[in-house]
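These notes concern the structure reproduced below.
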Amino acid sequence: MAVEVVLALPDRQQVYRVELGQGASVMQAIEASGVLLDAPGLVIDPDRLGIFARRVRPDDTLHDGDRVEIYRPLLLDPKDARRRRAGG
């Protein structure tokens, strides 16, 4: 089965396409993608993983065509950002 692993960095997005066997997990896709080698120091937070913007766990099973997304921590709370823009 073919899946994508995506890491959005502040200046670019990295997309990795990997072929895995049926029943592979989210974490197996991340490991097979090589993203951990390309982004030294990247720590995978199990609470910041998703498939098509839906949160998942590292051991969740993938399906053909899934897009595994590795999310970065927010630098600023979205509500605070809106308040600052509004001048509040």
Side-chain angles (χ1 to χ4, degrees):
M1 91 178 135
V3 300
E4 290 183 338
V5 176
V6 179
L7 173 64
L9 299 171
D11 57 339
R12 70 187 185 286
Q13 175 176 293
Q14 292 179 255
V15 179
Y16 303 84
R17 289 175 179 77
V18 293
E19 290 285 332
L20 301 166
Q22 293 296 326
S25 71
V26 169
M27 196 52 147
Q28 287 172 327
I30 292 170
E31 291 168 353
S33 72
V35 67
L36 298 172
L37 299 174
D38 289 346
L42 175 66
V43 176
I44 302 296
D45 182 346
D47 293 328
R48 297 190 186 281
L49 299 173
I51 295 176
F52 295 118
R54 181 182 52 86
R55 281 183 52 180
V56 295
R57 296 184 320 263
D59 60 344
D60 283 354
T61 303
L62 294 170
H63 299 94
D64 190 40
D66 278 349
R67 177 182 171 101
V68 176
E69 301 159 341
I70 303 169
Y71 305 125
R72 291 178 289 133
L74 295 176
L75 299 178
L76 182 64
D77 181 290
K79 290 180 184 178
D80 289 338
R82 280 191 293 276
R83 279 190 209 102
R84 288 180 184 191
R85 286 193 305 269

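Since the structure is predicted, the reported quantities are computational estimates derived from the model, not experimental observations.
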So, the side chain of D64 versus the backbone of A2: is there a donor-acceptor pair under 3.5 Å, distance only? yes
Could you verify whether a donor N or O on one side chain and an acceptor N or O on the other, from D38 and Y16, lie under 3.5 Å apart? yes
Closest heavy-atom pair, G23 versus T61, reported as atoms and distance to 0.1 Å, is CA-CG2, 3.8 Å
Would D47 and R55 count as a side-chain contact (heavy atoms from CB on, under 4.5 Å) if you check the C-alpha gap in whole Å, the side-chain angles of each, and the deciding distance to 0.1 Å? CA-CA 8 Å; D47 293 328; R55 281 183 52 180; 3.9 Å; yes
Count I, L, V, M, F, W, Y as connected when their side-chain heavy atoms are under 4.5 Å apart, and connections chain through other members. Are V43 and L37 then in the same cluster? no
4.5 Å side-chain heavy-atom contact, L42 and V35: yes
Steps toward side-chain contact (heavy atoms from CB on, under 4.5 Å) verdict (V6, R67): CA-CA 7 Å; V6 179; R67 177 182 171 101; 3.4 Å; yes
Tell me the closest heavy-atom pair linking S33 and V18, and the distance in Å. CA-CG1, 3.5 Å
Of all heavy-atom pairs between L49 and P58, which one has the smallest distance, and what is that distance? CD1-CG, 3.9 Å
State, with a plain yes or no, whether a side-chain heavy atom of V3 is found less than 4.5 Å away from one of I51. no
Looking at A53, is its backbone amide N or carbonyl O close enough to the side chain of E69 to form a donor-acceptor pair, meaning the two atoms are under 3.5 Å apart? yes
Test side-chain contact (heavy atoms from CB on, under 4.5 Å) applied to L62 and M1, step by step: CA-CA 9 Å; L62 294 170; M1 91 178 135; 4.0 Å; yes
N/O donor-acceptor pair under 3.5 Å between R48 side chain and I70 backbone: no
From I30 CD1 over to L36 CG, what is the distance, rounded to the nearest 0.5 angstrom? 7.0 Å
Just how far is it from atom CD of E4 to atom CG of D66, taken to the nearest 0.5 Å? 10.0 Å
Kindly indicate, with the supporting measurements, whether the criterion side-chain contact (heavy atoms from CB on, under 4.5 Å) is fulfilled by L9 and L7. CA-CA 6 Å; L9 299 171; L7 173 64; 3.8 Å; yes
Indicate the atoms forming the closest heavy-atom contact of L20 with A32, along with that distance. CD2-CB, 3.8 Å
